[in-house]
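Read through the structure below, which is laid out as structure tokens, and then see the notes.
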Amino acid sequence: MAKPVGLNKRGDRYYLRIIIGDELAPLYGGKARVNLALGTSDKREAHIRGHALRAQWEADFADKRRSLNPEPLPSVTPDMAATLAARVRHRVLSEDDSFRSVPLLLGNLRHYRTAAKQQQANPLAIIDWAPPEPRSDDLSGATADELLALADTNAMADGEAAVSMAGRNLAAMLPLVKAEALALGLTFDPSAPGARDALLACLMAYRKAWREVTQRDAGEVIETPPKPAAVAPPPAKPKTLRDVFERWKVSGGTPKGVSNLEAVGRALRKFEDKYPGIALDAITRDMGDEYRTWISSQFKATQSASDSLGRVKVLMNYAAETLQWIPRNAWRGISIKVTPTHKRRPWREDELTALFAVPLFTRYELPSDPKAGGDGAYWIPLLGIYTGARSGELCQLRTDDVVSVEGVACIRIAEEAEGQTVKSAAGHRLVPVHSELIRLGFLGYVAAMREANEEKLWPRIVLRPGRLSERFGRWFGTLKASAGLPRIGYPDFHCFRHTVRPLMRRAGVDPTTRDRVTVHATRGSIGTTVYEHWDVTDTKPAVEAIRYPFLSLPLVSPHAPAGGPGGVPEGGPAGA
């Protein structure tokens, strides 16, 4: 005989470990797993008892899962009414069987009376039965005093059932009927067609069952009928990877970041494009190999395909290991080998000349496309070539992120306000404003936004949570195309970072100072650059070393000073 799953041994006794799982744990006192004694030290006997016990628990799990995801019962047929009535009768008699099967004590009877009232009010309540005290002779059954006490308790319950039956008190049966329907995976609506007839049938069965219990007290042989199954139960809706995703989103164990949730959502939609509506337990390993080939064809970069496949596998791991909706992740070990793509490069002189020769920069003709962000369309690319900051860091800027520190106008890049983010903790920094930006009127623009009581530096820009510059990035491709450059591919906005660093290097700026300006990941920089204190007077010369002598931008901004480079705007904190 095969070894039961979860069989283990402590000392010379065998136990069975049952994984309940997070989904059902609240229905078992919060326990996610139990280790049950099998009451034997014999291996063969342990195997037999282990298989039987696991089958009982698996059947109970199935009932519990149906109760967690009940199907609506739009109408109650006569057959369903008969099933519910039979289950009510079975419940009363089986609970009486359970009570009579242990040595009875008067103390337990008093506890039973209280518990019976609790369960009558709430049939779903879990009653904490007091453990019976040991008795020298456990074959003799109840004593005469115990039988009298039991008969008295049962007579009281029988009398209450008789009163309810005489008055046709259907409301008294509603909690019990709802509980039995829920155990079948159904929701019982008392206003549904046929519901009143079902409640009456259940009340009659309830009355009959308690009459039979009192007959047992008189010594009559009353057998407990088997628990009836549902009449043609509706087939359970198969779980899908979409169901896993919905649970994963609210589980509290998801990796932080809205962008991660969105990325997994996009990967799931790709999966659903390939396998629409497929059940979770129908996902095979062969399909994983097939999907690997297919998803690789959907992306130009192998890294993108690998990321998409990996996010689907995250959901499958969650379904197998946390929810236990499937025995294992059939795609474990299936991956896509990532091949290096072309590295980003600096912008060439001819490319920068073409980009900044478009009317946006020569005549301040702001685009009407809402993705461009109004004035941000003019200033964000300029800030990019004179700071080396990422597009997301620039798109999120607020008016109070332009500050005066030791008399130097600086841009503060941080995630202090709601919705702001930087790539890492090391990304928090102050970048002095380049003199060319001041000449073009950037500080005047900041002052105008403050006078207008604007909190955002670019009020018209549309930010997407978790991917702040996504919409602006799409428009930037349009801007490149208008300059005769490729809409997609290199050079892109991020290449400004690779343009700025060589300019500082050629001007003799040391690597640690270059890192302080751009927070660019370079070998040996961690611990020696981003965590040391640097005054803006140290980084100001490095920023001024960023020069493009071939660019001659006219003063076209409405905020450009007429007689000089302008001053530092007042207000805002004096440091980061």
Side-chain angles (χ1 to χ4, degrees), residues 26-27 63-99 109-129 150-217 222 224-234:
L27 303 180
D63 288 342
K64 294 290 194 300
R65 289 193 180 96
R66 283 196 297 268
S67 69
L68 288 176
N69 300 284
E71 295 286 341
L73 192 61
S75 64
V76 186
T77 64
D79 286 344
M80 179 57 71
T83 298
L84 291 172
R87 289 179 67 93
V88 167
R89 177 169 173 252
H90 168 84
R91 183 172 190 145
V92 174
L93 293 176
S94 63
E95 287 178 356
D96 180 66
D97 279 337
S98 298
F99 192 72
L109 286 173
R110 286 192 293 269
H111 177 78
Y112 171 72
R113 291 169 181 167
T114 302
K117 287 185 174 294
Q118 294 175 359
Q119 200 160 41
Q120 187 178 17
N122 180 11
L124 294 179
I126 299 176
I127 304 302
D128 184 19
W129 296 100
L150 178 59
D152 180 58
T153 300
N154 290 338
M156 179 179 62
D158 181 48
E160 292 174 351
V163 171
S164 296
M165 184 72 246
R168 298 293 176 95
N169 184 4
L170 302 182
M173 289 306 301
L174 190 56
L176 187 57
V177 174
K178 282 186 173 181
E180 290 301 334
L182 199 59
L184 296 173
L186 303 168
T187 54
F188 185 87
D189 182 1
S191 62
R196 290 183 63 88
D197 292 339
L199 286 171
L200 179 58
C202 290
L203 179 56
M204 295 169 65
Y206 185 74
R207 173 70 183 91
K208 179 179 180 181
W210 276 111
R211 171 54 61 191
E212 291 172 326
V213 169
T214 61
Q215 290 173 354
R216 283 178 174 178
D217 291 332
I222 305 294
T224 300
K227 180 191 292 186
V231 176

### Query
Which pairs count as salt bridge (Lys or Arg N to Asp or Glu O under 4.0 Å) when at least one residue sits in residues 190-207, sequence neighbours excluded?
D158-R207

### Message
Measuring only between side-chain heavy atoms, which start at C-beta, is P190 closer than 4.5 Å to L174?
### Response
yes

#### Entry: From M204 atom CE to M173 atom CE, the distance as rounded to the nearest 0.5 Å
12.0 Å

### Message
Rounded at 0.5 Å granularity, tell me how far CD in E160 sits from CH2 in W210.
### Response
9.0 Å

#### Entry: Closest non-hydrogen atom pair, V76 against A198
CG1-CB, 3.6 Å

### Query
What distance do H90 atom NE2 and R87 atom CZ have between them, rounded to the nearest 0.5 Å?
7.5 Å

### Query
What is the distance from atom CG of N154 to atom CD of E212, rounded to the nearest 0.5 Å?
12.5 Å

### Task
Might you work through the side-chain contact (heavy atoms from CB on, under 4.5 Å) test for N169 and V163, ending with a clear yes or no?
CA-CA 8 Å; N169 184 4; V163 171; over 6 Å; no

### Message
A side-chain contact here means heavy atoms from C-beta on lying under 4.5 Å apart; do R89 and P225 qualify?
### Response
yes

### Query
Can you name the residues that form a side-chain contact (heavy atoms from CB on, under 4.5 Å) with A86, not counting sequence neighbours?
P228

#### Entry: side-chain contact (heavy atoms from CB on, under 4.5 Å) partners for A201, two or more places apart
A85

### Task
Could you pull out all residues at least two apart from R216 that satisfy side-chain hydrogen bond (donor to acceptor under 3.5 Å, both in side chains)?
D96, D97, T224

### Between CG on residue L203 and CZ on residue R168, distance to nearest 0.5 Å
8.0 Å

## Note on the structure
Residues at least two apart in sequence or cross-chain that pass side-chain hydrogen bond (donor to acceptor under 3.5 Å, both in side chains) with D189, listed by chain then number, are S191

### Query
Taking only residues two or more places apart in sequence, or in another chain, which ones meet P78 in a side-chain contact (heavy atoms from CB on, under 4.5 Å)?
none

### Distance in Å, E180 CD paired with L186 CG, rounded so as to fall on 0.5 Å steps
11.5 Å

